[in-house]
Amino acid sequence: MGSKSRERFAEWDDERYSVDIERFDEQHKRLFGLLNDLHAAMDEGHSEEKVGDILRELERYTDYHFGDEEEFMQDCGYAMDCADCFYNHRETHEEFADRVTELREKHENGEYITMEVLTFVRDWLDSHIGATDVDQSYSQYYSEELTDYEYSPGQLRQHRRADDSIASDAAGADQTDTDATASEYSVTVNSEIHDGGELTVPDEPMAAWFETLADTHGTRTAAFVEADDEYVSKSFDELYDRARSVAGGLLATDLRPGDRVAIVAKASYEWSVVDLACHLAGFVSVPVYPQLDDERIAEILSSLAVDGLVSEVETAVEIEETAGTVVQIDDLPTTEPRALPGFEADPDDVTTIVFDASRPDDHSGCALTHRNLRAGVAMLREELPLDPGQTGTALLPLAHVYQRVATYYLWGAGSGVAYLGVDDVTDDLGTVKPDVLVGSPHVYQELYGDLQDRIGDLGWMKRKLAGRVASYGRGIVDGSGTPLKYKAANRVVFGPLRDEFGLDEIEYALCGTGRLDDHLVYFFRGLGVPVSEIHGPIESTGVGALNSASAYVPGAVGRPMPGTEFAISEDGEVLLRGPNVMTGYLDEHMTAYAIRDGWLMTGDTGRFDTADNLQVDDD
């Protein structure tokens, strides 16, 4: 939902709109929230990319809500008892869904969406939800005719646009016949299947994995933590013992194995302690971005009915009120555990629920298992081998599964993780001098700006040598090589800059969560920083394809990583499957829509080139 201070374009009114069915009231409110977000993004002049993201989410969620509502009407008997009402209702759904799709397509084609069109969408929602002969009609049927009925979503999973036999059912067929017409979503693969080769994923839970790491690496550094303007090291033994005692402390509260424990805090060493403690105690962690507004965080935690919350001191009261047990991350309870249930977990048990902060008002939650996380780590280790004793970074929010899995990857190699401050990244990198930079497009854009400022302070001759850095990088990427003067530029300018910015030890410079602009890739390659791009949605633990520095292809997102398979559907959508792909969303209908015949529908469109590189269309 939008910020509290934002004037609402579409205002929810319980008295007018409530259908007295909590599930559908919440879905209707989310539609209102998306419309408000879209209005605000247009009114405040946000980027076209932001507007496009909201339109795509509005289209997706509209399809989901209408499907869920129609399934309810069929399942409870309303579609038979009032077939005309159901058909009319469904036709209005079709018309509105088509209008939303039209809006999205117009935006993608560069056409301007007027506020008049947005007003039409708002008025449609008002009349559809509030009118007595539409949504209020099934609400009345539910309250008057159904006393002991309880809706179980996902039983029919019937696509709202598919042909069905409701008309013949209304003429005399019973509900069993209606169920027989239902079908799962399916997908047609319209390309070769591209795979990344074999991958071995250990068949054990995360708790057993980290205990083994502590036994193996013991006194090696697992973390670098800022204290009094310097970084102190924490060993694997210290990290494991700390996580173990916190797990015992949390189990000594009202929390029990299997409970959902939200983590609303900035990335830090203690954040990772809580994360590992959840694995050891057998909790299901729910990491949430603390940067989200308080209203949205509270809605997410409420919708998941979390049992516990690890919070920062400044966390809003309304957030803390969503959980029965609240502890502060700066004052974690500790005690010697009598038992650690996490060791008894099945590898296919859900161990964490993650969210994509880029999806407006997304409360659905993506359920990842121990096996999913272990697979993501194994894929990175297979493609990016690393020696023990090296150092990587935690610059991004640990609520993002890409940074979290990258942290596990570093630990899995016996390497340390430096938890860097977000305000002085350049200074911190210069202090830590990492071997692995775990970044995002934003991180590289910030670094680029700082480097350009520093180049601007150089003398004219060095500035001239540095001025062709992107051109040199292009030659490295396309294989055409560099001129002789590149050696001089590298010795006189680029080498000292790498040393000053802490980039001189970089073995892998990773970019996830989005693609880098080609110019930035060329700039960093010319500077001597080997950037590799990792592509994968949160549903696949943030990994899936790799565009490695050693074989970088401009415009591509990379080749399939070990254990994964990619294909293209008949509609051009990129399909993905592998042991790193989620069990599903918390919502069964969304799961049925997103995972078809074992394939994850990524939402991207694209194609493969002749060298097996995946090309994804820009949004």
Side-chain angles (χ1 to χ4, degrees), residues 205-207 209-211 213-214 221-228 231-291 297 300-301 304 306-317 319-343 345 351-354 394 397-400 403-404 407-408 411 416-422:
M206 293 292 292
W209 169 74
F210 197 76
E211 182 186 50
L213 290 185
T221 297
F224 291 93
V225 185
E226 188 176 17
D228 298 326
Y231 282 88
V232 298
S233 64
K234 301 284 187 179
S235 71
F236 279 88
D237 282 338
E238 289 176 296
L239 175 56
Y240 178 72
D241 289 345
R242 173 70 173 155
R244 189 174 183 276
S245 64
V246 170
L250 293 174
L251 286 169
T253 67
D254 292 332
L255 295 171
R256 294 294 177 264
D259 282 353
R260 294 175 179 176
V261 177
I263 310 174
V264 184
K266 299 181 182 71
S268 66
Y269 172 71
E270 289 295 274
W271 197 107
S272 286
V273 166
V274 174
D275 177 35
L276 292 172
C278 286
H279 289 312
L280 292 168
F283 301 139
V284 176
S285 65
V286 184
V288 179
Y289 293 83
Q291 298 91 337
I297 293 175
I300 290 174
L301 301 190
L304 264 66
V306 298
D307 305 286
L309 169 66
V310 176
S311 170
E312 291 178 320
V313 174
E314 63 268 26
T315 302
V317 173
I319 295 174
E320 296 193 350
E321 288 177 346
T322 59
T325 300
V326 178
V327 299
Q328 297 296 325
I329 197 166
D330 291 335
D331 189 25
L332 295 171
T334 60
T335 191
E336 178 66 22
R338 289 180 294 177
L340 289 172
F343 285 95
T351 190
T352 189
I353 298 170
V354 298
L398 281 159
H400 199 297
Q403 174 68 76
R404 197 159 152 218
T407 298
Y408 297 155
W411 285 337
V417 176
Y419 296 83
L420 305 185
V422 295

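Note that the structure is a prediction, hence the values are computed from the model and not measured.
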Do the side chains of [Y] and [X] get nearer than 4.5 Å, heavy atoms only?
X      : Y      : value
Leu251 : Pro341 : yes
Arg244 : Phe210 : no
Pro205 : His279 : no

Which heavy-atom pair separates Pro290 from Ala265 by the least distance, and what is that distance?
-> CG-O, 3.5 Å
Nearest heavy-atom approach of Ser311 to Glu320 is OG-OE2, 3.2 Å
When you measure from the side chain of [X] to the backbone of [Y], do you find a donor-acceptor pair of N or O atoms at a distance under 3.5 Å?
X      : Y      : answer
Arg260 : Leu304 : yes
Ser285 : Thr352 : no
Thr253 : Leu255 : yes

Supply the atom-to-atom distance [X] [atom1] to [Y] [atom2], rounded to the nearest 0.5 angstrom.
X      : Y      : atom1 : atom2 : answer
Asp275 : Leu280 : CG    : CG    : 9.5 Å
Tyr289 : Leu398 : OH    : CG    : 10.0 Å
Ile329 : Glu312 : CD1   : CD    : 6.5 Å
Leu420 : Ser268 : CG    : OG    : 12.5 Å
Leu309 : Gln328 : CG    : CD    : 8.0 Å
Glu314 : Lys266 : CD    : NZ    : 4.0 Å

Contacts of Phe224 that satisfy ring-ring contact (aromatic ring centres under 6.0 Å, His included) - sequence neighbours left out | none
Got a sec, which residues hit ring-ring contact (aromatic ring centres under 6.0 Å, His included) with Phe283, two or more places apart in sequence or on another chain?
-> none
Passes side-chain contact (heavy atoms from CB on, under 4.5 Å), Arg242 versus Thr334? Steps please.
-> CA-CA 8 Å; Arg242 173 70 173 155; Thr334 60; 3.4 Å; yes
Which residues pass the side-chain contact (heavy atoms from CB on, under 4.5 Å) test with [X], not counting sequence neighbours?
X      : value
Glu211 : Asp215, Tyr240, Phe343
Val232 : Val225, Ala227, Glu230
Ala252 : Thr335

Pick out which of Tyr419, Tyr408, Trp411 makes a side-chain hydrogen bond (donor to acceptor under 3.5 Å, both in side chains) with Ser272.
-> Tyr419
The side chain to side chain donor-acceptor pair (under 3.5 Å) partners of Ser235 (sequence neighbours excluded) come to Glu238
Test side-chain contact (heavy atoms from CB on, under 4.5 Å) applied to Val246 and Leu250, step by step = CA-CA 6 Å; Val246 170; Leu250 293 174; 4.1 Å; yes
Does CG belonging to Asp254 count more than 12 external heavy atoms closer than 6.0 Å?
-> no
Assess whether side-chain contact (heavy atoms from CB on, under 4.5 Å) is satisfied between Leu239 and Tyr269, documenting all intermediate values.
-> CA-CA 9 Å; Leu239 175 56; Tyr269 172 71; 3.6 Å; yes
